[in-house]
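Only one structure is covered here, and it is reproduced in the block below.
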Amino acid sequence: MRWLHTSDWHLGRGFHGHSLREEQEQMLEALCAAVAEHAVDVVLIAGDIYDRALPPEWAVAALEGCLQRLVDAGVQVVITPGNHDSAARLGFGRGLMRRSGVHIRSSLEDAWIPVEFPEPSGGTTLVYGMPYLEPQLFAPALGLDRAHHTGVTAEVIRRIWADVEARQAEYGTDPSADTATETSTDPGTAAGPLTVILMAHLFAAHGAASDSERNIGVDVAAGDAPEHHEDTIGGLTVVPLELFAGFDYVALGHLHGRQRLSATVRYSGSPLRYSFSETHQAKGAWLWDSRTRDPAQALDWSIGRPLAQLEGTLEELLAEETVATHRNLYVQVKLTDSVRPERAFQRVQESYPHLAAFAHTGRQDSTHRTYSAKVEQARTDTEVIEGFLEHVRGGRGPSPEERELIDQGLQAVRP
């Protein structure tokens with residue numbers, strides 16, 4: 001069977017004030033096209049389908065339309081909620097949807113009850129879908145004294161392997177026995193070797209972070225890849241890769257960069273770029289064949305408006321060639337002029353209609369003082385106002401016309 005691993009769709013999310021509805025609808029089209037092109041049998045969606053617990057109506061309709069297309073094409077789908085999703089809302093109607101081939105694993109107990117897929121060539125693949133489990137909420141239900149991601153994940157995986165062992169013994173004696181397994185087709189074909197897939201939404205050790213991921217217990221800068229440390233709570237948030245030993249494929253969600261952590265453990269990443277830290281990340285999905293067991297194949301998607309990070313003086317950024325190259329991109333601008341030019345933001349925005357982020361980062365000269373220092377040393381009200389303007393403008397004080405307005409305003413309010 002062929003499996004497509006994806007996650008972190010974040011339907012309903014915007015980008016620095018710009019709507020991404022069109023791009024996200026294109027993303028779903030690309031997914032359905034890839035499924036058809038590569039003859040995919042099962043799609044694994046490892047969390048953060050929506051960007052928030054109450055998604056916009058169009059996002060709900062878009063998900064329904066995508067799932068309908070996949071089901072109509074004979075494709076099975078397994079979904080686990082992420083930390084952005086409402087597990088209860090996402091799981092509504094799951095008992096009805098599984099009959100059509102959409103399997104939503106949204107409760108704690110779902111984590112160790114697999115979806116069973118008989119392989120056409122013999123044997124069975126078991127998919128264990130672990131929803132995002134907030135440790136403070138689920139540690140007590142798992143009988144744990146300490147609430148952290150590593151402990152919760154370890155206990156759930158322990159229960160998964162106990163279930164796998166029970167099924168191995170069961171299949172060896174009575175392959176058609178009735179079990180708690182959610183079976184995708186005829187359970188009578190379950191005899192034979194088992195392939196075991198795990199889906200989870202968490203921060204695994206050595207995974208590289210992005211700016212667009214919500215903190216789930218560890219504060220990590222974009223590009224950093226933290227390790228597991230048992231001596232700190234933050235380190236226990238980072239789940240060690242050793243916990244995933246033995247699984248034939250581990251489909252992870254949460255981190256937005258597509259990455260391979262080991263021979264069997266992978267993040268699909270988000271199909272779209274949701275922060276400028278993702279400008280150069282590969283975007284797409286993973287394709288895996290449970291029959292050949294070959295390494296997963298990366299599927300590259302180029303969806304939506306590209307990003308660009310520009311840095312320089314206003315004159316450099318407004319140069320004709322620079323504008324022509326980047327005008328139709330989402331741009332992040334860092335202005336390096338030592339003094340902030342007049343109407344800098346407006347002039348940049350006029351040249352770059354898709355401006356998403358703007359900052360003046362230029363260094364002030366050594367004589368520039370902080371605003372608090374200027375206030376302390378100001379001898380008149382006029383100097384207080386001039387100091388404020390220099391502070392918010394990055395060193396540029398009032399023009400002669402503005403000084404005249406300041407004087408007029410002060411005269412108007414004085415007794």
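Values below: every heavy atom of this structure, side chains too, minus hydrogens, waters and symmetry copies.
Side chains of Ser302 and Lys283: a donor-acceptor N/O pair is absent below 3.5 angstrom, by distance only. Side chain to side chain, Ser275 and Ser210 fail the donor-acceptor criterion of an N or O pair below 3.5 Å. Using modelled atom types, one finds a donor on one side chain and an acceptor on the other under 3.5 Å when comparing Ser212 with Glu278. A donor-acceptor contact under 3.5 angstrom links the side chains of Asn83 and His201, judged on distance only.
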Chi angles and distances behind the side chain to side chain contact (heavy atoms under 4.5 Å, CB included) call for Arg159, Leu142
CA-CA 10 Å; Arg159 298 187 186 200; Leu142 292 167; 3.8 Å; yes
**Asked** Where do His149 and Tyr132 land on the side chain to side chain contact (heavy atoms under 4.5 Å, CB included) test, with the steps shown first?
**Response** CA-CA 10 Å; His149 287 270; Tyr132 173 73; 3.5 Å; yes
* Steps toward side chain to side chain donor-acceptor pair (under 3.5 Å) verdict (Ser290, Glu119) -> CA-CA 9 Å; Ser290 55; Glu119 293 277 354; 2.5 Å; yes
Item to check | Derivation of the side chain to side chain contact (heavy atoms under 4.5 Å, CB included) call for Leu318 and Ser351 | outcome: CA-CA 7 Å; Leu318 297 186; Ser351 295; 3.5 Å; yes
Please assess Val127 against Val42 for the test side chain to side chain contact (heavy atoms under 4.5 Å, CB included), listing each intermediate value before the final yes or no. CA-CA 10 Å; Val127 177; Val42 185; 5.8 Å; no
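The distance between the ring centers of Phe276 and His16 falls below 6.0 angstrom.
Atoms CG and NE2, on Leu44 and His103 in that order, are 10.5 Å from each other to the nearest 0.5 Å. If you take OG1 on Thr124 and CD on Glu116, they are separated by 5.0 Å, rounding to the nearest 0.5 Å. A distance of 9.0 Å separates CG in Asp51 from CG in Asp85, rounded to the nearest 0.5 Å. Taken from CG in Leu126 to CD1 in Ile160, the straight-line distance is 10.5 Å, to the nearest 0.5 Å. To the nearest 0.5 angstrom, Ser270 atom OG is 10.0 Å from Gln24 atom CD. Remark: Leu11 CG to Asp48 CG distance equals 10.5 Å, nearest 0.5 Å.
A salt bridge links Arg167 with Asp163; the closest basic N to acidic carboxylate O contact falls under 4.0 Å. A salt bridge links Glu386 to Arg403: at least one charged side-chain nitrogen sits closer than 4.0 Å to a carboxylate oxygen. Under 4.0 Å is where a charged nitrogen must lie from a carboxylate oxygen, and between Arg347 and Glu350 no such pair does.
Counting only heavy atoms from C-beta outward, the side chains of Tyr274 and Leu20 approach each other to under 4.5 Å. Residues Arg305 and Arg273 form no side-chain contact, since every pair of their non-hydrogen atoms from C-beta on lies 4.5 Å or further apart. At least one side-chain heavy atom of Val265 sits less than 4.5 Å from a side-chain heavy atom of Leu252. Using a 4.5 Å cut-off on side-chain heavy atoms (C-beta onward), Phe244 and Ile157 make contact. With contacts defined as side-chain heavy-atom distances shorter than 4.5 Å, the pair His5/Trp288 does not qualify. Arg258 is not listed as a side-chain neighbour of Trp301, based on a closest heavy-atom distance of 4.5 Å or more. At a threshold of 4.5 Å between non-hydrogen side-chain atoms, the residues Leu70 and Val40 do not count as touching. The closest side-chain heavy-atom distance from Trp112 to Glu109 is below 4.5 Å.
His148 contributes a side-chain N or O that, together with a main-chain N or O of Gly151, makes up a donor-acceptor pair within less than 3.5 Å. Side-chain atoms of Glu311 never come within 3.5 Å of backbone atoms of Thr336 as a donor-acceptor pair (strictly under, hydrogens ignored). Side-chain atoms of Gln259 come within 3.5 Å of backbone N or O of Gly257 as a donor-acceptor pair. Formation of a donor-acceptor pair under 3.5 Å by the Arg105 side chain with backbone atoms of Pro131 is not found in this model. A side-chain donor-acceptor contact under 3.5 Å links Asp337 to the backbone of Leu314.
Annotation for Val102 and Ile79: closest pair CG1-CD1, 4.2 Å, computed over non-hydrogen atoms. Pro81 and Ala87 get closest at one heavy-atom pair: CG-CB, 3.8 Å. Closest approach of Gly253 to Ser7, counting heavy atoms only: CA-OG, 3.6 Å. Closest of all the heavy-atom pairs between Ala46 and Thr80 is CA-OG1, 3.5 Å. Summarising the geometry of Ala62 relative to Leu28, their closest heavy-atom pair is O-CD1, 3.6 Å, with the distance given to 0.1 Å. Taking both residues in full, the closest heavy atoms of His254 and Asp8 are given as N-OD2, 2.9 Å, listed atom of the first, atom of the second, then distance.
Residues meeting the ring-ring contact (aromatic ring centres under 6.0 Å, His included) test with Phe138, sequence neighbours left out: none. In this structure Trp161 satisfies the ring-ring contact (aromatic ring centres under 6.0 Å, His included) test together with Phe247, sequence neighbours excluded.
Taking the six-membered ring where tryptophan is involved, the planes of His354 and His18 are tilted, since the angle between them lies from 30° to 60°. Relative orientation of the His84 and His10 rings is perpendicular, given thresholds of 30° and 60° on the angle between their planes.
Here the rule is ring-ring contact (aromatic ring centres under 6.0 Å, His included) with Trp3, and of Phe117, Tyr249, Trp286 only Phe117 fits it.
Here salt bridge (charged side-chain N to carboxylate O under 4.0 Å, His left out) pairs that include residues 22-32, with residues two or more places apart or in two chains, are Arg21-Glu25, Glu29-Arg69.
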